[in-house]
Amino acid sequence: MRRPDTVPAAFPALSLRRALKLPLWAALLLAVGAGIVLDAAFPDRDWWALAPVGVLLMLLALLGRGPWTGLLVGLVGGLAFWLTHIFWITLYLGAVPWLALGGLQSIFFAVGLALTAVVLSSGPRVWPTRLGRLGVVPIVVAGLWTAREAISAVWPYGGFAWGRVALSQSESPLGSLVGWVGLSGLSFLVVFVAALVLQLLREPLALPAPESPPRLGWGASAPLWQSTLVVAAITALLVVPAFPIVESGTARLAAVQGASDAGLFAQNEPGQILNDHASATLPLIGEPVDFVVWPENASDIDPTRSTDAARVADYISTAMDAPLITGTITLQDGTYYNSSLLWKSGEGAVDIYDKVHPVPFAEYMPDRAFWRPFAPDLIDLIGRDYGIGTRDNIFDIDGIMAGIAICFDIADDQLVHEMIDDHAEIILAQTNNADFGYTDESVQQLAIARLRAMETGRTVVNISTVGTSAIITPDGATLDQLPVWEPGSMVQTVPLSATVTPAMEVGRGLEWLLSGLGLAGFLLCVRHARTRRTPVSGARKVPKPRGLGTVYSLGR
């Protein structure tokens with residue numbers, strides 16, 4: 001019997017499926033394109049529909065690859081994505097931090113895709129039924145992607161929870177799914193759709209037996225049922241309604257953006273940033289509000305240690321007849337902290353939150369002695385290490401329970417779960433984006449804040465020193481927004497809620513489950529590969545139900 005590679009050209013779709021296995025040079029080029037396409041799904045371009053396309057192209061580049069060439073493809077694709085996605089780091093810090101962080105994240109990316117290459121190669125043989133190929137294999141692939149995102153979000157040094165596929169969907173119709181499944185669950189679903197499409201493209205054709213004329217089998221109608229399955233999967237995701245949020249009340253707030261250059265290398269007179277925010281607040285005097293919120297580092301002089309700064313904070317609180325929540329740098333027991341203060345006139349700081357997730361290599365230098373020889377000038381720029389906070393991230397603002405997130409805290413899943421567990425009714429996300437100018441960084445962070453609003457069912461006030469500042473309601477809508485690098489304020493009545501969404505109720509258990517499915521599936525594929533020798537390429541004849549001819553599988 002002739003091998004499939006000698007089948008007459010009467011079956012052009014067979015050639016299409018053989019073409020899915022690219023030579024290595026073409027796979028590397030495709031991985032570069034896939035990384036750039038995936039980045040385009042994120043803000044600022046925000047072409048969210050490209051997220052599954054980018055993932056699909058990345059998976060397509062893995063077909064026919066073993067773990068080592070899969071690692072290479074993943075590294076190249078990861079560099080293309082990460083060095084594009086976080087290019088904003090270079091604005092003030094230059095190329096070394098950009099290459100270091102992008103390179104580290106690309107290594108995680110590469111390892112994840114190396115494991116995925118094994119699953120794409122062995123999975124269809126481990127689960128040879130159509131349900132296995134189209135159901136189990138995409139689940140395992142999406143689970144591995146979720147596991148890689150989960151690990152890199154927490155390790156090393158607290159991780160870097162940027163660039164998760166879910167974060168591309170903040171403006172997408174799929175965004176509301178985070179209220180049900182959380183960020184990790186949304187990443188899983190997007191990657192699952194991409195992996196399902198890939199597996200449909202790989203489905204074998206129904207070929208006639210050589211001694212028989214062509215007959216009509218299920219393969220002849222493959223494009224129809226394949227398209228139907230993809231449309232059905234996407235439709236199923238789109239028709240899921242947002243989780244209903246019940247208001248527990250309202251709050252009227254003022255969020256102030258001072259448009260201060262509070263960057264790492266900014267040259268300001270002491271008190272200039274505090275003065276900018278006080279000046280931007282003065283036009284609001286007489287507005288009835290429950291509280292005033294300023295950004296991270298809005299008071300460049302600590303009111304708990306400076307009489308002059310305390311006098312300014314007292315004046316604002318008295319004039320507005322409301323508590324002031326402001327960011328500053330505190331010194332406690334010999335350690336500096338990036339802190340948020342709940343300040344009341346005549347009482348001072350009645351509560352303090354110290355940032356739990358300071359950014360490594362920016363707000364503190366981990367293992368300074370080890371890293372300094374690599375880039376002493378850059379390492380020495382971080383002359384002061386901020387401590388890791390241990391206080392809870394909740395303020396009781398005269399009966400309004402507010403979750404506090406300072407800058408990168410909003411990307412930390414655990415901290416978000418903790419504030420909801422402590423009954424937060426609103427989230428105040430204070431940040432300082434001055435180091436990144438007009439780059440994509442601030443809108444990428446706003447996308448995280450928007451998804452957190454839908455995930456938690458809470459209003460999120462994303463207030464920055466320079467922008468992008470916005471108030472996001474629990475349905476993900478923008479209630480108010482300020483232009484970047486312009487002083488201004490947002491005064492709005494916003495909904496409060498005590499609703500616990502499924503994503504918050506389940507906690508991070510779903511992330512563990514999905515990651516576990518991916519890793520368990522990978523281990524089964526490894527075991528299968530070790531216990532049964534399989535051809536690296538070519539084709540083999542596999543059984544098919546009677547009356548439907550002969551089906552040839554194209555291997556990897």
Side-chain angles (χ1 to χ4, degrees), residues 251-260 262 270-330 332 337-355 391-407 409 424-432 459-466 469 471 480 482 487-494 496:
R252 188 164 176 81
L253 61 90
V256 179
Q257 174 180 293
S260 301
Q272 180 62 51
I273 301 172
L274 172 60
N275 182 68
D276 288 342
H277 284 85
S279 298
T281 308
L282 293 179
L284 304 180
I285 292 176
E287 284 277 0
V289 296
D290 294 306
F291 59 87
V292 180
V293 57
W294 287 357
E296 174 189 21
N297 304 138
S299 181
D300 53 332
I301 303 177
D302 178 10
T304 66
R305 292 181 289 138
S306 166
T307 302
D308 290 340
R311 189 178 297 116
V312 173
D314 272 343
Y315 175 78
I316 294 296
S317 179
T318 299
M320 294 296 296
D321 191 26
L324 170 67
I325 297 93
T326 182
T328 192
I329 304 303
T330 61
Q332 306 168 45
Y337 293 92
N338 188 349
S339 302
S340 183
L341 310 180
L342 174 56
W343 190 276
K344 292 186 177 181
S345 179
E347 300 180 55
V350 298
D351 203 353
I352 300 176
Y353 166 66
D354 304 317
K355 189 176 182 181
R391 305 172 189 262
D392 66 66
N393 55 356
I394 289 287
F395 283 169
D396 183 343
I397 310 174
D398 295 330
I400 298 171
M401 304 301 290
I404 308 299
I406 300 177
C407 195
D409 282 350
E425 300 172 284
I426 186 174
I427 297 175
L428 307 180
Q430 300 167 282
T431 186
N432 173 21
T459 297
V460 174
V461 181
N462 193 75
I463 183 65
S464 169
T465 48
V466 298
S469 296
I471 298 176
D480 202 347
L482 294 174
S489 61
M490 300 177 288
V491 180
Q492 294 290 342
T493 299
V494 302
L496 305 175

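Bear in mind the structure is a predicted one, so any value in this text is a computation, not a measurement. Each residue takes its place number in the sequence, starting with 1.
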> If we ignore hydrogens and angles and just use 3.5 Å, is the side chain of Asn338 paired with the main-chain N or O of Ile329 as donor and acceptor?
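Between the backbone of Ile329 and the side chain of Asn338 there is no qualifying donor-acceptor contact (under 3.5 Å).
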> Can you name the nearest heavy-atom pair linking Pro487 to Ala259, along with the distance?
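Smallest interatomic distance, heavy atoms only, reads N-CB, 3.3 Å.
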> At what distance, to the nearest 0.5 angstrom, does CD1 of Ile316 lie from CG of Leu282?
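With rounding to 0.5 Å, CD1 (Ile316) is 5.0 Å from CG (Leu282).
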> Between Asn297 (side chain) and Thr328 (backbone), is there a donor-acceptor pair under 3.5 Å?
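Judged by distance alone, no pair lies under 3.5 Å.
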> Looking at every heavy atom in both Leu284 and Ala254, which two are closest together, and how far apart are they?
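It is CD1-CB, 3.8 Å.
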> Rounded to the nearest 0.5 Å, what's the gap from OH on Tyr353 to OG1 on Thr330? Could you check?
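Spacing of OH (Tyr353) from OG1 (Thr330) equals 12.0 Å.
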> Can Val494 and Leu253 be said to form a side-chain contact (heavy atoms from CB on, under 4.5 Å), step by step?
CA-CA 8 Å; Val494 302; Leu253 61 90; 3.7 Å; yes
> Roughly how far apart are Thr281 OG1 and Met320 CE, rounded to 0.5 Å?
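So the gap between those two atoms works out to 7.0 Å.
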> Go through the steps for Asn462 and Gln430 under the test side-chain contact (heavy atoms from CB on, under 4.5 Å), then give the verdict.
CA-CA 6 Å; Asn462 193 75; Gln430 300 167 282; over 6 Å; no
> Compare all side-chain heavy atoms of Val256 with those of Val292 and state whether any distance is below 4.5 angstrom.
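Sidechains of Val292 and Val256: in contact.
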> Measuring from atom CD1 of Ile426 to atom CD1 of Ile400, what distance do you get when rounded to the nearest 0.5 angstrom?
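Rounded to the nearest 0.5 Å, the CD1-CD1 separation comes out at 7.5 Å.
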> When you look at Ile394 and Met401, which way does the side-chain contact (heavy atoms from CB on, under 4.5 Å) test go after all the steps?
CA-CA 7 Å; Ile394 289 287; Met401 304 301 290; 3.4 Å; yes
> Looking at every heavy atom in both Ser299 and Leu274, which two are closest together, and how far apart are they?
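That would be OG-CD1, 3.7 Å.
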> To the closest 0.5 Å, what do you measure between CG (Leu341) and OG1 (Thr304)?
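Spacing of CG (Leu341) from OG1 (Thr304) equals 6.5 Å.
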> Do any N or O atoms from the side chain of Asp409 and from the backbone of Ile406 form a donor-acceptor pair under 3.5 angstrom?
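Checked: pair present.
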> For atom CG of Asp321, decide whether the heavy atoms of other residues, nucleotides or ligands shown that lie under 6.0 angstrom number more than 12.
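Not buried by this count: 12 neighbours or fewer within 6.0 Å.
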> Kindly give the heavy-atom pair with the smallest separation between Ile352 and Arg391, and that separation in Å.
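Taking every non-hydrogen atom into account, O-CD, 2.9 Å.
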> In Å and rounded to the nearest 0.5 Å, what is the CD1 to CG distance from Ile404 to Leu342?
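Between atom CD1 of Ile404 and atom CG of Leu342 there are 8.0 Å.
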> Would the distance check show the side chain of Ser340 and the main-chain N or O of Gly327 forming a donor-acceptor pair, the cut-off being under 3.5 Å?
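Side chain of Ser340 to backbone of Gly327: no pair is present.
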> Using atom types as modelled and distance alone, determine if a side-chain donor or acceptor of Glu296 lies under 3.5 Å from a backbone N or O of Asn432.
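Side chain of Glu296 to backbone of Asn432: a pair is present.
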> Quick one: which residue pairs count as a ring-ring contact (aromatic ring centres under 6.0 Å, His included) with a foot in residues 270-324, not counting sequence neighbours?
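Checked against ring-ring contact (aromatic ring centres under 6.0 Å, His included) - neighbours excluded - the pairs reaching residues 270-324 are His277-Trp294.
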> If we only count heavy atoms from C-beta on, is the Leu496 to Thr459 side-chain gap below 4.5 Å?
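They are not in contact (no side-chain heavy atoms under 4.5 Å apart), so the answer is no.
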> Are the side chain of Arg252 and the backbone of Pro288 linked by a donor-acceptor contact shorter than 3.5 Å?
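Present.
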> Knowing that exactly one of Leu428, Asp290, Asp351 qualifies, which makes a side-chain contact (heavy atoms from CB on, under 4.5 Å) with Ile397?
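When Leu428, Asp290, Asp351 are each tested with Ile397, the side-chain contact (heavy atoms from CB on, under 4.5 Å) holds only for Leu428.
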> Indicate whether any N or O donor in one side chain lies under 3.5 Å from an N or O acceptor in the other, for Asp300 and Gln272.
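Distance-only check fails for Asp300 and Gln272.
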> Would you say the side chain of Pro323 lies within less than 4.5 Å of the side chain of Trp343, judging by non-hydrogen atoms?
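Heavy-atom side-chain distance check fails, nothing below 4.5 Å.
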> Evaluate the criterion side-chain contact (heavy atoms from CB on, under 4.5 Å) for residue pair Lys355 and Tyr337; output intermediate values, then yes/no.
CA-CA 7 Å; Lys355 189 176 182 181; Tyr337 293 92; over 6 Å; no
> For Val466, is there any backbone N or O sitting under 3.5 Å from a side-chain donor or acceptor partner on Ser464?
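Yes, Ser464 side chain to Val466 backbone: donor-acceptor pair under 3.5 Å.
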> Locate the shortest heavy-atom distance separating Gly403 from Ala424; write the atom from each residue and the value.
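Looking at all heavy atoms of both residues, the shortest contact is N-CB, 3.6 Å.
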> If every non-hydrogen atom of Asp314 is compared with every non-hydrogen atom of Gly346, which pair is closest and at what distance?
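Looking at all heavy atoms of both residues, the shortest contact is OD1-N, 3.3 Å.
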> For residues 302-311, pull every pair meeting salt bridge (Lys or Arg N to Asp or Glu O under 4.0 Å), keeping only residues two or more places apart or in separate chains.
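Checked against salt bridge (Lys or Arg N to Asp or Glu O under 4.0 Å) - neighbours excluded - the pairs reaching residues 302-311 are Asp302-Arg305, Asp308-Arg311.
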> Do Ser317 side-chain atoms and Ser345 backbone N/O form a donor-acceptor pair below 3.5 Å?
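Pair found, side chain donor or acceptor close to backbone of Ser345.
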> Can you name the salt bridge (charged side-chain N to carboxylate O under 4.0 Å, His left out) partners of Asp398, sequence neighbours left out?
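Only Lys344 meet the salt bridge (charged side-chain N to carboxylate O under 4.0 Å, His left out) criterion with Asp398.
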